[in-house]
Protein chains: 2
Amino acid sequence: MPKHYTDFLAKHGIKSTHQRNLVLDLLHQMNSPASAEEIYQKAALLQPTLNLSTIYRTLELFSSKNIVTKTILSETKKAIYELNTAGHKHYMVCVKCKALLPLENCPCALIEEAVSSQGGFEIIGHKLEIMGYCSRCK
Amino acid sequence: MPKHYTDFLAKHGIKSTHQRNLVLDLLHQMNSPASAEEIYQKAALLQPTLNLSTIYRTLELFSSKNIVTKTILSETKKAIYELNTAGHKHYMVCVKCKALLPLENCPCALIEEAVSSQGGFEIIGHKLEIMGYCSRCK
DNA sequence: ATCAGTGCAAAAGCTTTGCAGCGGT
DNA sequence: ACCGCTGCAAAGCTTTTGCACTGAT
């Protein structure tokens, strides 16, 4: 049973369990955000009794603790999750092959600056999604 | 039966029907995007036999003809629709009262400029959503 | 009269939830 | 031993779809 994250989880006030450690393991192995279903598929290979709803509950929990970020893709309306390791919060989505390409230099500052001129609104975050064709599909 | 939009619809290669005229009427009256359900509620007051699926089909049709724009709000995962009258494509969403405040000066140019430096990706559009507190909820 | 549009009901797809039993500290 | 976590099954919610009837031109 993977317990590598017991301390890490405790630091966030979360109990360590087999399932949570497994999900954390998988999140660390991924190089791009994945849907609950995708995470479930990988997890089920290692622990077949594991349930999809546990994945959802775990991801929701991690999300509430800011361990992972949750993004809704507007095209599919599906949520994708990834570790919240600073940076990489926006993606370019290829409308053809559905590839997700991280936006290295997020123009956050530019956006919030441009918007803040509209007084009265206190910005706490933003979502940005770029649609187009990746280099292979173009 | 409202027929005011017969010519307008014909111009887009769409037949004029009672339901479509009604939806167009309502879209014109709205001052902010609405969900299919909201449009349905208003429409049902005027034509009780009208069905939700007709609203969805009509909005999808209008969307495919670029008469309306469809936006997925990430918080609720629900689609909202509005007339595609140039500008007003992004919103600030109040996380408390759910108010939608249009972004007058969309930093599109800034964004696409900042992103285009990552060669190889051909941008055809983008989605931007600002989260925060509106002046009343702050 | 023809063929698209519509109402109705059911299905689909992702996500959430109630409950009883299991498992971690 | 206690209380939260999990598996299972079912429900929820928005949106889509099949089908037969209706209605617009």
Side-chain angles (χ1 to χ4, degrees), chain A residues 1-24 33-41 43-44 46-65 67-68 70-81 98, chain B residues 1-24 33-41 43-44 46-65 67-68 70-81 98:
Chain A
M1 167 183 334
K3 286 205 163 199
H4 342 154
Y5 301 105
T6 304
D7 291 348
F8 173 80
L9 289 169
K11 229 175 295 175
H12 287 87
I14 296 177
K15 265 195 202 169
S16 166
T17 70
H18 192 169
Q19 292 84 337
R20 290 173 182 175
N21 280 285
L22 212 184
V23 171
L24 266 184
S35 66
E37 180 67 34
E38 287 165 344
I39 294 169
Y40 170 65
Q41 294 298 344
L46 302 170
Q47 189 194 326
T49 64
L50 180 134
N51 195 274
L52 222 203
S53 58
T54 300
I55 299 288
Y56 275 108
R57 279 191 276 234
T58 302
L59 291 171
E60 202 55 39
L61 174 67
F62 288 175
S63 181
S64 75
K65 302 291 185 185
I67 297 171
V68 311
K70 174 184 182 178
T71 307
I72 312 290
L73 291 182
S74 32
E75 200 178 357
T76 59
K77 280 191 165 182
K78 284 169 69 174
I80 53 175
Y81 306 83
K98 315 298 177 196
Chain B
M1 167 188 328
K3 285 203 160 196
H4 340 153
Y5 301 105
T6 305
D7 291 349
F8 173 80
L9 288 169
K11 228 175 295 176
H12 287 86
I14 296 177
K15 267 196 204 166
S16 168
T17 70
H18 192 168
Q19 292 83 339
R20 289 172 183 175
N21 280 284
L22 213 183
V23 171
L24 267 183
S35 66
E37 181 67 31
E38 287 166 343
I39 293 169
Y40 170 66
Q41 295 297 344
L46 303 170
Q47 190 194 323
T49 64
L50 181 136
N51 195 273
L52 221 203
S53 58
T54 301
I55 299 288
Y56 274 107
R57 280 191 276 232
T58 302
L59 291 171
E60 202 56 39
L61 175 67
F62 288 174
S63 182
S64 74
K65 303 291 184 182
I67 296 171
V68 312
K70 174 184 182 178
T71 308
I72 312 291
L73 291 182
S74 33
E75 198 178 357
T76 58
K77 281 192 166 182
K78 285 169 68 174
I80 54 175
Y81 305 83
K98 313 301 179 195

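Residue numbering restarts at 1 for every chain, and letters A, B, ... go by the order of the sequence lines. What you are looking at is a predicted structure, and each value in this text was computed from that prediction instead of being measured.
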- Whole-Å distance separating the OH atom of A/Y81 from the P atom of C/dC14: 12 Å
- note: A/K70, atom NZ; C/dT16, atom C1'; distance rounded to Å ~ 10 Å
- Please state how far atom CD1 in A/I72 lies from atom P in D/dT14, giving the value in whole angstrom units. 14 Å
- Please report, rounded to the nearest Å, how far the C1' atom of D/dT14 is from the CD1 atom of B/I39. 14 Å
- Message: Pick the closest DNA chain D nucleotide for B/K77 and for A/L52 by heavy atoms, then say which residue is nearer the 5' end.
- Response: A/L52
- Scoring nucleotides 1-6 of chain C by protein non-hydrogen atoms under 4.0 Å (B base, S sugar-phosphate only, - none) yields ---SSB
- Note on the structure: Heavy-atom nearest pair, B/L9 first then B/K15, reads CD1-O, 4.0 Å
Sequence neighbours left out, cut at 3.5 Å: what donor-acceptor pairs do the side chains of residues 70-80 of chain B make with other protein atoms?
residue : atom : partner : partner atom : Å
B/K70   : NZ   : B/E60   : OE1          : 3.3
B/S74   : OG   : B/E129  : OE1          : 3.1
B/S74   : OG   : B/E129  : OE2          : 3.1
B/E75   : OE2  : B/K98   : NZ           : 2.8
B/T76   : OG1  : B/K78   : N            : 3.3
B/K77   : NZ   : A/K77   : O            : 3.3

- Message: Distance check, rounded to the nearest 0.5 Å: A/L50 atom CG versus A/I39 atom CD1?
- Response: 11.0 Å
- Of the candidates C/dT15, D/dT15, C/dA9, the side chain of B/A79 sits closest to D/dT15
- Query: Between atom CD1 in A/I55 and atom P in C/dT16, what is the gap in whole Å?
  - Reply: 13 Å
- Note on the structure: Sorted by chain and number, sequence neighbours left out, side chain to side chain donor-acceptor pair (under 3.5 Å) with A/T54 holds for none
- Please report, rounded to the nearest Å, how far the P atom of D/dT15 is from the CG atom of B/L73. 10 Å
- Hey, what do you get for OG1 (A/T58) to OH (A/Y81), rounding to the nearest 0.5 Å? 10.5 Å
- Task: State, to 0.1 Å, how close A/Y40 and A/L52 come at their nearest heavy-atom pair, and which atoms those are.
- Result: CE1-N, 3.5 Å
- Message: Could you tell me how far apart B/K78 (NZ) and D/dG12 (P) are, to the nearest whole angstrom?
- Response: 17 Å
- Message: Looking at C/dT15, I'd like to know if its phosphate oxygens (OP1 or OP2) sit under 4.0 Å from a side-chain N or O belonging to A/Y56.
- Response: yes
- Return the orientation label for the B/H12 and B/F8 ring planes: parallel under 30°, perpendicular over 60°, tilted otherwise. tilted
- Rounded to the nearest angstrom, tell me the gap between atom CG in B/L9 and atom P in D/dA24. 14 Å
